[in-house]
Amino acid sequence: MSALPGSAEGTAVTGLDSSPVEPAAADLPPLTEQVRLEAREIIARYPQPRSALLPMLHLVQSHQGYVTPEGVALCAEELGLTKAEVGAVATFYTMYKRRPTGRHLVSVCTNTLCAVLGGQRIFDALSRDLGVHHDETAADGSVTLEHAECLAACDYAPVVTVDYEFYDQQDLDSARELVAALRRGEKPHPTRGAPLTDFRGVSRQLAGFDQYGDQVARAAAVDAEGAIGPTLAGLRLAAERGESAPPMPGPTQPPANTVEGPRPPHPSQAQGGARDGAGETTQPSGRTGETPEEEAADARVAAADNPAERAGAAQAHPDKGAEYGQPRGRQHAGTENPPAAEPATGTTPTQSKES
């Protein structure tokens with residue numbers, strides 16, 4: 001497969017679009033002052049202005065159908081960035097298109113599970129029907145087709161999305177009929193999720209603005225029902241079989257109706273100090289040759305109730321986490337091997353050459 005820069009195949013292989021931005025069409029709607037005001041509204045949401053770049057790219061895409069040179073310039077001007085900085089982001093994320101996009105964006109998952117169950121065959125069939133390849137638009141401007149590396153819906157494979165709304169468990173016939181309906185101007189209801197709008201509408205929503213014209217449409221998008229059977233299959237089977245996850249390990253609870261006796265002394269108290277807490281220290285016992293901090297750290301490690309707590313206490317130990325527990329004096333030696341003998345004398349570095 002060819003993977004030349006700018007080729008559809010190269011984009012599909014690498015996931016990065018290296019093709020040039022196409023010149024704006026003569027009938028492209030301009031980015032008005034209203035768009036600038038909306039861009040500034042987005043910027044006001046963030047403590048750092050440049051954090052607004054991603055939704056701003058969705059905003060200009062919602063008005064013009066793709067990220068045009070004019071859209072790149074507007075984002076750069078409003079954020080105080082260079083056009084190169086904005087372009088670097090727009091070319092990294094595949095949700096930002098660099099050429100005119102159809103009324104609908106059809107994405108076919110061709111990752112492992114979907115591909116095994118027919119995703120690649122679906123993509124190939126739609127490609128033939130539309131006369132396009134990856135990231136290309138049908139001649140009538142109705143649909144842009146693209147590979148999707150993963151749509152995060154493996155339990156519904158093979159999956160197709162239209163403007164990021166899910167159409168689950170597709171096959172050749174259902175996917176071809178879906179795209180044929182889109183080309184006729186219809187909007188089949190997704191398997192789950194909000195009713196279908198179009199690519200510009202969902203881009204506006206991703207920018208953080210309402211894409212619906214009235215409260216009824218807005219409520220329908222929020223309250224849309226969906227078939228989520230595959231997601232709940234494991235839960236259903238567990239209920240039928242009486243299965244449940246094992247309980248998480250935790251401190252042993254005393255039996256009910258039992259008076260709890262005095263608690264055993266904390267290790268730090270056994271060493272002569274108070275129980276470790278905020279602002280408290282453990283007094284040295286005088287028997288270990290350690291500092292108060294080292295004795296307190298030893299006590300915290302010994303008192304840990306589980307491996308996670310023990311690892312945390314060991315990490316905060318003066319002897320440094322993973323090294324804790326090694327014989328004193330070796331913690332920073334970098335090896336547990338004994339020192340090598342000197343070649344010339346056969347003595348070790350700790351032996352006197354006069355002996």
Side-chain angles (χ1 to χ4, degrees), residues 15-17 21-22 24-25 27-107 135 137 141-144 146 148 151-152 161-166 182 187 190 192-224:
L16 302 176
D17 187 353
V21 177
E22 292 189 1
D27 59 349
L28 192 70
L31 296 177
T32 63
E33 187 61 26
Q34 177 62 30
V35 180
R36 286 190 178 272
L37 293 176
E38 290 178 339
R40 292 167 187 171
E41 182 178 337
I42 294 174
I43 295 171
R45 302 172 189 164
Y46 297 90
Q48 296 295 328
R50 66 181 301 147
S51 300
L53 178 55
L54 298 184
M56 285 176 65
L57 289 170
H58 284 299
L59 175 68
V60 298
Q61 185 165 259
S62 74
H63 284 274
Q64 297 187 316
Y66 69 110
V67 179
T68 64
E70 182 184 8
V72 170
L74 183 146
C75 293
E77 291 167 8
E78 293 297 325
L79 294 173
L81 302 174
T82 66
K83 288 188 283 188
E85 289 174 308
V86 175
V89 174
T91 57
F92 182 82
Y93 295 103
T94 57
M95 293 178 78
Y96 303 122
K97 305 306 177 185
R98 304 180 66 202
R99 58 177 66 85
T101 306
R103 186 167 61 254
H104 297 289
L105 174 67
V106 174
S107 310
D135 200 27
T137 302
S142 60
V143 169
T144 295
E146 70 175 5
L151 293 175
T161 63
V162 179
D163 307 325
Y164 309 123
E165 300 293 350
F166 283 90
L182 296 173
K187 295 181 179 180
R192 52 198 165 95
L196 198 62
T197 55
D198 56 28
F199 179 67
R200 294 194 185 193
V202 77
S203 294
R204 181 167 179 80
Q205 182 171 315
L206 290 169
F209 294 99
D210 185 12
Q211 64 161 320
Y212 302 103
D214 55 67
Q215 183 59 37
V216 174
R218 192 175 304 115
V222 172
D223 299 331

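Both backbone and side-chain heavy atoms feed into the values below; hydrogens, waters and symmetry mates do not. Residues: numbered from 1 along the sequence shown.
- Under the 3.5 Å distance criterion, the side-chain polar atoms of T137 are left unmatched by any main-chain donor or acceptor of T101.
- Closest heavy-atom contact between T82 and E85: N-OE1, 2.9 Å.
- Y164 places no side-chain N or O within donor-acceptor distance of the main-chain N or O of L105, the cut-off being under 3.5 Å.
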Q) When you look at L182 and S142, which way does the side chain to side chain contact (heavy atoms under 4.5 Å, CB included) test go after all the steps? A) CA-CA 7 Å; L182 296 173; S142 60; over 6 Å; no
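- We find the CG-OH distance between L79 and Y46 to be 11.0 Å, quoted to the nearest 0.5 Å.
- E78 contributes no side-chain N or O that, together with a main-chain N or O of R36, makes up a donor-acceptor pair within less than 3.5 Å.
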(Q) Please determine whether side chain to side chain contact (heavy atoms under 4.5 Å, CB included) holds for the pair Y93 and L57, giving the CA-CA distance in whole Å, both sets of side-chain angles, and the decisive distance to 0.1 Å. (A) CA-CA 11 Å; Y93 295 103; L57 289 170; over 6 Å; no
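- R45 approaches F209 most closely through the heavy-atom pair NH2-CZ, 3.7 Å.
- Remark: R50 CZ is loosely packed, at most 12 non-hydrogen atoms of other residues, nucleotides or ligands lying under 6.0 Å away.
- Counting heavy atoms from C-beta outward, L53 and V86 have side chains that approach closer than 4.5 Å.
- Atoms OG1 and CZ, from T197 and R204 in turn, are 12.0 Å apart once rounded to the nearest 0.5 Å.
- Not a single side chain to side chain donor-acceptor pair (under 3.5 Å) links E41 to another residue, sequence neighbours left out.
- No side-chain heavy atom of H104 sits under 4.5 Å from any side-chain heavy atom of T144.
- Counted within 6.0 Å of CD on Q48, heavy atoms from surrounding residues, nucleotides or ligands total 12 or fewer; the atom is thus considered open.
- Across all their heavy atoms, P195 and A220 have their closest contact at CD-O, 3.7 Å.
- Closest approach of M56 and A39 over heavy atoms only: CE-CB, 3.8 Å.
- Interatomic distance, K187 NZ to E165 CD, rounded to the nearest 0.5 Å: 11.5 Å.
- Distance check, rounded to the nearest 0.5 Å: SG of C75 to CD1 of I43 gives 8.5 Å.
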Q. What do the steps show when you test Y66 against L28 for side chain to side chain contact (heavy atoms under 4.5 Å, CB included), and what is the final call?
A. CA-CA 10 Å; Y66 69 110; L28 192 70; 4.3 Å; yes
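- With rounding to the nearest 0.5 Å, the separation of OG in S203 from NZ in K97 is 9.5 Å.
- Applying the salt bridge (charged side-chain N to carboxylate O under 4.0 Å, His left out) rule to R200 yields no partners; only residues at least two apart in sequence or on another chain are considered.
- Comment: D135 engages R99 in a salt bridge, judged by a side-chain N to carboxylate O separation of less than 4.0 angstrom.
- Side chain of E70 to main chain of L31: a donor-acceptor pair is present (N/O by atom type, distance under 3.5 Å, no hydrogens or angles).
- The two residues E146 and S107 come nearest to each other via the heavy atoms OE2-OG, 2.7 Å.
- Residues T91 and A88 share a closest heavy-atom pair of OG1-O, 3.2 Å.
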